[in-house]
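Convention: sequence-line order gives letters A, B, ...; per-chain numbering from 1. Because the structure is predicted, anything quoted here is derived from the model rather than measured.
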Amino acid sequence: MIDLRFVRDDPDTVRASQRARGADPAAVDRLLDADAQRRAVVSAGDELRAEQKALGRAVGQASPEDRPALLARAKDLAARVKEAEAAETRANDALAAAHKAIDNVIEAATPPGGETDFVVRKTVGEIPVLSGPVRDHLELGEGLGAIDTERGAKVSGARFYFLRGVGAQLQWALLNLAVTKAAAAGFIPVIPPVLVKPESMEGTGFLGEHSDEVYRLEADDLYLVGTAEVPLAAYHSDEILDLSGDPVRYVGWSSCFRREAGSYGKDTRGIIRVHQFDKVEMFAYCRPEQAADEHLRLLAFEEQMLAAIEVPYRVIDVAAGDLGSSAARKYDCEAWLPSQQAYRELTSTSNCTTFQARRLSIRYRDADGKPQIAATLNGTLATTRWIVAILENHQLPDGAVRVPEALRPGLGGREVLEPAR
RNA sequence: GGAAGCGUGCCAGAGCGGCCGAAUGGGACACACUGCUAAUGUGUUGUGCUCUUACCGGGCACCGAGGGUUCAAAUCCCUCCGCUUCCGCCA
């Protein structure tokens with residue numbers, strides 16, 4: 001949720017943000033109307049309640065002969081209070097709906113436009129010139145006995161897979177490396193629950209436009225998370241944190257579940273787009289004025305991980321229309337995939353400013369001791385998908401794969417993964 | 001899965017249906033006193049919405065959550081959630 005006070009004070013900025021996102025600027029005016037309406041209704045209700053309290057007190061103290069008359073008036077008032085409260089409920093609901101309809105206000109420097117309007121911030125590494133046939137990650141993974149999508153489909157259906165042998169080890173090595181690096185940098189390692197209550201899902205903003213992306217367990221009214229961001233954000237909901245110093249940083253390792261509802265036929269081969277994968281996710285809480293710097297710090301950590309797996313990548317500044325409702329700005333790192341001759345997303349880091357924390361009521365005390373809404377940020381440090389980039393970029397002509405140095409300890413020191421004969 | 005009990009402010013812990021935003025104790029903070037520390041005394045000690053808005057101040061709401069009864073609910077009733085204990089079942 002955006003800051004209502006900010007909308008009142010500076011509606012033009014919010015309208016501009018809406019326009020840059022390709023959203024309706026008039027939603028801002030609907031919000032302002034709903035806000036004014038609610039305030040009018042609430043203050044009317046407050047007055048009635050004040051009257052009722054005074055009258056109620058008088059009833060209690062009245063003499064037996066005065067009592068009936070006062071009681072009659074009080075009864076009438078009670079009915080009016082009830083009506084006023086019904087009106088308040090309606091006004092609150094209307095405000096909440098108008099409030100939810102507006103996405104986070106973008107950072108001023110965010111490129112306007114949609115999915116294809118991103119700005120490339122930098123490009124790192126050389127695109128490898130491969131001799132011989134270029135194998136894609138599935139062919140390589142099958143050759144290594146590392147990825148088995150056929151049995152994944154047999155057991156669980158399309159977009160499921162088994163990682164086995166060096167494939168399983170490669171994932172552990174990769175995610176372990178991510179957690180180890182993050183922990184060394186001061187992030188608190190966390191293994192969170194992956195089933196969460198509706199309010200946790202709602203609070204982090206995943207039940208909005210992406211609600212058809214999430215798995216729901218109807219019998220228990222729980223959701224499977226699509227990212228550790230959800231439990232890590234909800235972790236401190238309804239709390240007041242000490243954010244007087246550095247940001248509070250967590251690094252979570254979790255399985256992630258996505259229905260991939262709108263992506264029929266997209267990336268159907270291999271493990272690029274799957275229903276379940278593992279991810280190491282950074283999550284930071286800080287004061288709003290620290291958020292932009294922290295965002296760049298998260299991006300820097302992502303780049304360190306990409307450097308460790310030695311793949312070419314670029315960093316893009318995601319355009320406003322492609323941000324997602326909670327983010328004010330988002331940077332993606334995309335790795336080069338030789339089989340596709342294209343860059344594909346491996347990481348994504350978002351600055352959610354106070355948007356997410358407001359709904360989850362995550363606060364800190366400012367210098368005056370007053371509670372203020374915190375800022376939250378998140379970023380990817382490694383996922384199952386990274387295996388795709390590792391296999392493809394480090395493939396050798398015979399279908400073997402060189403192991404980046406940083407991952408060798410997790411693979412028994414092996415420098416090259418040889419295909420099974 | 002069955003049974004019972006509990007859920008109040010930073011913590012502990014009272015609370016007859018009206019005078020309870022809530023006693024009391026502890027902690028924290030401020031001031032005073034003391035050569036320093038400790039002790040002591042006095043005061044402050046919540047959040048949200050809202051009116052006025054520079055400030056002071058005023059109004060309303062909040063006693064796990066949501067409903068209900070009542071002129072009036074922390075206090076009575078219902079539902080849900082959480083915790084504790086006992087029984088059963090099972091990794």
Side-chain angles (χ1 to χ4, degrees), chain A residues 1-10 31-100 192-203 207 216-223 230-231 234-245 248 285 287-288 354-374:
Chain A
M1 289 189 290
I2 57 172
D3 184 357
L4 257 185
R5 230 160 259 156
F6 180 79
V7 182
R8 282 179 211 154
D9 292 345
D10 192 359
L31 176 58
L32 287 172
D33 287 347
D35 178 43
Q37 176 67 25
R38 187 197 75 101
R39 278 191 286 168
V41 169
V42 165
S43 94
D46 279 357
E47 270 173 48
L48 274 175
R49 261 189 302 273
E51 213 180 311
Q52 186 189 33
K53 271 173 90 168
L55 192 55
R57 216 163 287 146
V59 170
Q61 289 159 353
S63 59
E65 54 269 28
D66 295 341
R67 219 184 164 90
L70 282 173
L71 239 138
R73 272 181 57 203
K75 268 195 164 131
D76 174 56
L77 239 186
R80 284 165 59 205
V81 166
K82 204 161 192 174
E83 275 171 44
E85 283 176 348
E88 282 178 54
T89 302
R90 282 194 301 275
N92 279 328
D93 291 349
L95 176 64
H99 203 169
K100 267 205 304 206
V194 294
L195 280 168
V196 300
K197 298 201 252 183
E199 55 261 43
S200 301
M201 211 58 172
E202 174 78 41
L207 290 187
R216 171 156 181 243
L217 303 194
E218 196 152 0
D220 300 282
D221 203 16
L222 290 169
Y223 292 90
V230 173
Y235 187 56
H236 284 305
S237 58
D238 294 317
E239 292 182 24
I240 296 181
L241 304 177
D242 181 3
L243 295 179
S244 54
V248 174
Y285 296 88
R287 285 175 270 125
T354 58
F355 190 88
Q356 201 172 54
R358 183 166 294 104
R359 184 151 29 183
L360 290 167
S361 188
I362 301 163
R363 297 176 294 173
Y364 68 98
R365 290 191 188 279
D366 65 16
D368 297 327
K370 288 268 163 270
Q372 303 288 353
I373 306 288

Quiz prompt | Atom pair distance, as rounded to whole Å: CG in A:L77 and C1' in B:G18 | solution = 16 Å
Quiz item: Just how far, in rounded Å, is P of B:C55 from NZ of A:K370?
Solution: 12 Å
Quiz item: Do you know which of A:K197, A:R359, A:R216 makes salt bridge (charged side-chain N to carboxylate O under 4.0 Å, His left out) with A:E202?
Solution: A:R359
Exercise. Please give the nucleotide sitting opposite B:A30 as a Watson-Crick or G-U wobble pair, both distances under 3.5 Å, or none.
Key: B:U42
Quiz item: In chain order, what residues pass the ring pair (Phe, Tyr, Trp, His ring centres under 6.0 Å) check against A:Y223, with sequence neighbours excluded?
Solution: none
Self-check item: Sidechain N-carboxylate O distance under 4.0 Å for A:D238, A:R363
Solution: no
Practice problem: Respond yes when some side-chain nitrogen or oxygen of A:Q52 is under 4.0 Å from OP1 or OP2 of B:C71, and no when none is. | Solution: no
Exercise. Among B:U50, B:U47, B:C71, find the nucleotide with the atom closest to the side chain of A:A74.
Key: B:C71
Practice problem: For A:L243 and A:Y364, work out which heavy atoms get closest and say how close. | Solution: CD1-CB, 3.7 Å
Self-check item: Spacing of the C1' atoms in B:G9 and B:G25 (rounded, Å)
Solution: 14 Å
Exercise. Could you please name the partner base of B:G1, counting Watson-Crick and G-U wobble pairs only when both distances are under 3.5 Å?
Key: B:C87
Exercise. Measure the distance from CZ on A:R358 to P on B:G48 and round it to the nearest whole Å.
Key: 12 Å
Quiz item: Can you check the A:L48 CG to B:C71 C1' distance for me, whole Å?
Solution: 14 Å
Quiz item: Does any nucleotide pair with B:C49 by Watson-Crick or G-U wobble geometry, both distances under 3.5 Å, and what is it?
Solution: B:G59
Quiz item: When all nucleic acid strands are considered with a 4.0 Å heavy-atom cut-off, which category describes A:R5: base, sugar-phosphate, or nothing?
Solution: sugar-phosphate
Quiz item: Is A:D368 reaching over with its side chain to a backbone N or O of A:K370, donor-acceptor style, under 3.5 angstrom?
Solution: no
Let me check something: any side-chain donor-acceptor pairs from residues 34-41 of chain A under 3.5 Å, sequence neighbours excluded? List them with distances.
| from | atom 1 | to | atom 2 | distance (Å) |
| --- | --- | --- | --- | --- |
| A:D35 | OD1 | A:R8 | NH2 | 3.2 |
| A:D35 | OD2 | A:R8 | NE | 2.6 |
| A:D35 | OD2 | A:R8 | NH2 | 3.4 |
| A:D35 | OD2 | A:R39 | NH2 | 3.4 |

Exercise. Find the distance A:I362:CD1 to B:U47:C1' and express it as a whole number of Å.
Key: 17 Å
Practice problem: In whole angstrom, give me the gap between the P atoms of B:G41 and B:G26. | Solution: 9 Å
Exercise. Could you check whether A:R365 gets within reach of a base, just the sugar-phosphate, or nothing at all, counting any heavy atom under 4.0 Å?
Key: sugar-phosphate
Quiz prompt | OP1 or OP2 of B:G48 under 4.0 Å from side-chain N/O of A:R363 | solution = yes
Quiz prompt | For atom CG of A:D3 and atom C1' of B:C49, their distance in whole Å | solution = 14 Å
Exercise. Please list, chain by chain and in numerical order, all residues satisfying salt bridge (charged side-chain N to carboxylate O under 4.0 Å, His left out) with A:R287, sequence neighbours excluded.
Key: A:E289
Quiz item: Taking atom C1' in both B:A14 and B:C63, what distance in whole Å separates the two?
Solution: 13 Å
Quiz item: A:T354 versus A:I2: any side-chain heavy-atom pair under 4.5 Å?
Solution: no
Quiz item: What does nucleotides 57-70 of chain B look like as a protein-contact string, B for base, S for sugar-phosphate only, - for none, at under 4.0 angstrom between heavy atoms?
Solution: --BSS-------S-
Quiz item: Between B:G66 and B:U84, how far is it from one C1' atom to the other, in whole Å?
Solution: 24 Å
Quiz item: Using purine N1 to pyrimidine N3 plus N6-O4 or O6-N4 for Watson-Crick, or N1-O2 and O6-N3 for G-U wobble, each under 3.5 Å, what pairs with B:C6?
Solution: B:G82
Quiz item: Can you tell me the Watson-Crick or wobble partner of B:G25, both distances under 3.5 angstrom?
Solution: B:C11
Self-check item: Smallest separation among heavy atoms of A:R358 and A:I373, with atom names
Solution: N-CG2, 3.6 Å
Quiz prompt | P gap between B:C56 and B:G46, integer Å | solution = 14 Å
Practice problem: Name the pairing partner of B:C19, where a pair is Watson-Crick or G-U wobble with both distances under 3.5 Å, or state none. | Solution: none
Quiz item: Any side-chain N or O of A:R39 less than 4.0 Å from the OP1 or OP2 oxygen of B:C51?
Solution: yes
Quiz item: Separation of A:E83 atom CD from B:C71 atom P, in whole Å?
Solution: 16 Å
Self-check item: Over all atoms of both residues, closest heavy-atom pair of A:H236 and A:L241
Solution: ND1-CD2, 3.3 Å
Quiz prompt | Rounded P spacing from B:U45 to B:A22 in Å | solution = 10 Å
Please tabulate, for side-chain N and O atoms in residues 73-88 of chain A, each donor-acceptor pair with protein atoms closer than 3.5 Å (sequence neighbours left out).
| from | atom 1 | to | atom 2 | distance (Å) |
| --- | --- | --- | --- | --- |
| A:E85 | OE2 | A:R49 | NH1 | 2.8 |
| A:E88 | OE2 | A:R49 | NH1 | 3.4 |
| A:E88 | OE2 | A:R49 | NH2 | 3.2 |

Self-check item: Interatomic distance at C1', B:G15 relative to B:G68, whole Å
Solution: 23 Å
Quiz item: C1' atom, B:C71 versus B:G17: distance in rounded Å?
Solution: 12 Å
Self-check item: Complementary nucleotide for B:U70 - Watson-Crick or wobble, under 3.5 Å
Solution: none
Quiz item: What distance do A:D9 atom CG and A:D3 atom CG have between them, rounded to the nearest 0.5 Å?
Solution: 8.0 Å
Quiz item: In residues 196-203 of chain A, which ones come under 4.0 Å of RNA chain B, going by heavy atoms?
Solution: none
Practice problem: Would you kindly give the CG-to-P distance between A:D76 and B:C71, to the nearest whole Å? | Solution: 12 Å
